[in-house]
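As structure tokens, the structure follows; a few thoughts come after it.
Chain identifiers are assigned alphabetically (A, B, ...) following the order of the sequence lines, protein sequences preceding nucleic acid strands; residue numbering begins at 1 within each chain.
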Protein chains: 2
Amino acid sequence: MTENKNEEQSEPNEFHDLDEETLFIVSQTFKALSDSTRIRILNLICNKEYSVNEIAEHLNLRQSTVSHQLRFLKNLRLVKYRREGTTLYYSHDDEHVINLLKQTIEHAEHH
Amino acid sequence: MTENKNEEQSEPNEFHDLDEETLFIVSQTFKALSDSTRIRILNLICNKEYSVNEIAEHLNLRQSTVSHQLRFLKNLRLVKYRREGTTLYYSHDDEHVINLLKQTIEHAEHH
DNA sequence: TTAATATATGAATATATACTCATATATTAA
DNA sequence: TTAATATATGAGTATATATTCATATATTAA
């Protein structure tokens, strides 16, 4: 045995580039959080669910703008919805991403 | 005294939209992390400093591409550099952002 | 000063993105 | 079925962004 506690027999200081899939997931995750409109939407719905129209009203955005961005977030599984009649109530669906957002808001506000 | 422990006398469930400055900082921070090239650069230099050319060689990128992206990261104070002759050694300069990146890479790799 | 080397920068291009309008779709109630 | 309402979607437009090439700038050594 050596003093190298790594799983593989690689040099401790060797650099490993990120594989394509990881890179894609990471960049998509941050891309979702890089737009002001999506940030505001997530910040709104992170505490309770809202319908599309409610989101549009609270944030003073067009219905289609909200719908497009919700589709974006839905594709990444960052939000989910619950149907009640013709109304769709959206809420967040990824604790990790909400944590990233909250951390960063916190950090931005206190620095 | 009431049971409301908040600093302000607002409703507990009242929604507060983010102010413009916070929104700007948060979106810029995530925008920095939303590009594959910048992710790879930060992932490389988060452990030790590298010159511009070293970064370009390790990541198989053009020198100008690296330089442009380093300027982007420098403007946000996410990286800093140290001069040695004509060589500039870049390293990260924002622990919080590196943490965000590491968290998310970790999360992406294990899910 | 000159040459060599490392890095930065500006312009051009290609691509991605966000928003809006108009309209389609879907659900419910009458 | 029809009307009313909520949401989704597609096309068009404007803007932002990433990359590249060519070249400028800066530092050092000869």
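Each of C/dG10, C/dC19, D/dT9 was ranked by its minimum atom distance to the side chain of B/R71; first place goes to C/dG10. Side-chain atoms of B/Y90 lie closest to C/dA8 of the nucleotides C/dA8, C/dT9, D/dT7. The B/S67 side chain lies nearest to C/dT9 when the options are C/dT9, D/dT9, D/dT7.
Across all strands shown, A/S64 has heavy atoms under 4.0 Å from base atoms, whether or not it also approaches the sugar-phosphate. The residue B/Y89 sits apart from the nucleic acid: no heavy atom pair falls under 4.0 Å. Looking at heavy-atom distances under 4.0 Å, B/T87 makes contact with sugar-phosphate atoms alone, never a base.
The distance between atom CG of B/L61 and atom P of C/dT7, rounded to the nearest whole Å, is 14 Å. Summarising the geometry, the separation between CD on B/E84 and C1' on C/dT5 is reported as 14 Å, rounded to the nearest angstrom. Rounded to an integer number of Å, the gap from B/Q28 CD to D/dT17 C1' is 12 Å. A/R83 has its CZ atom 9 Å from the P atom of D/dT7, to the nearest Å. Across the protein-nucleic acid pair, A/L33 atom CG and C/dA18 atom P stand 12 Å apart, rounded to whole Å. Rounded to an integer number of Å, the gap from A/F24 CZ to C/dA16 P is 12 Å. The CD-C1' distance, from A/Q69 to C/dA18, rounds to 7 Å in whole Å. B/R62 places its CZ atom 18 Å from the P atom of D/dA18, with the value rounded to the nearest Å.
For D/dT17, its base never sits under 3.5 Å from the side chain of B/H68 at any donor and acceptor pair. Below the 3.5 angstrom threshold, one finds a donor paired with an acceptor across the side chain of B/Q63 and the base of C/dA8.
The number of heavy-atom neighbours closer than 6.0 Å to OH of A/Y81, taken from other residues, nucleotides and ligands shown, is 12 or below.
Sequence order on DNA chain C of the closest nucleotides to A/T65 and B/L70 puts B/L70 first from the 5' end. If A/G85 and A/S34 are placed on DNA chain C by their nearest nucleotide, the residue sitting closer to the 5' end is A/S34.
OP1 or OP2 of C/dA18 sits under 4.0 Å from a side-chain N or O of A/R38. Note on B/N53: a side-chain N or O is less than 4.0 Å away from OP1 or OP2 of C/dT7. Residue A/T86 places no side-chain N or O under 4.0 Å from the OP1 or OP2 atom of D/dA4.
With A/S67 contributing its side chain and A/Q63 its backbone, the two residues share no donor-acceptor pair below 3.5 Å. Of the possible polar contacts, none joining the B/R71 side chain to the B/L73 backbone as a donor-acceptor pair under 3.5 Å is found.
Ionic pairing of A/D17 and B/R40 is present here: one or more N-O contacts between side-chain nitrogen and carboxylate oxygen are shorter than 4.0 angstrom.
B/T29 OG1 to B/L78 CG: the interatomic distance, rounded to the nearest 0.5 Å, is 7.0 Å.
Pair check for D/dT20 finds C/dA11; Watson-Crick or G-U wobble, both atom distances under 3.5 Å. C/dT28 is paired with D/dA3 under the criterion used here, namely a Watson-Crick or G-U wobble arrangement in which both key atom distances are under 3.5 Å.
Clustering ILVMFWY residues whenever any of their side-chain heavy atoms sit less than 4.5 angstrom apart, transitively, puts A/V26 in the very cluster that holds B/L59.
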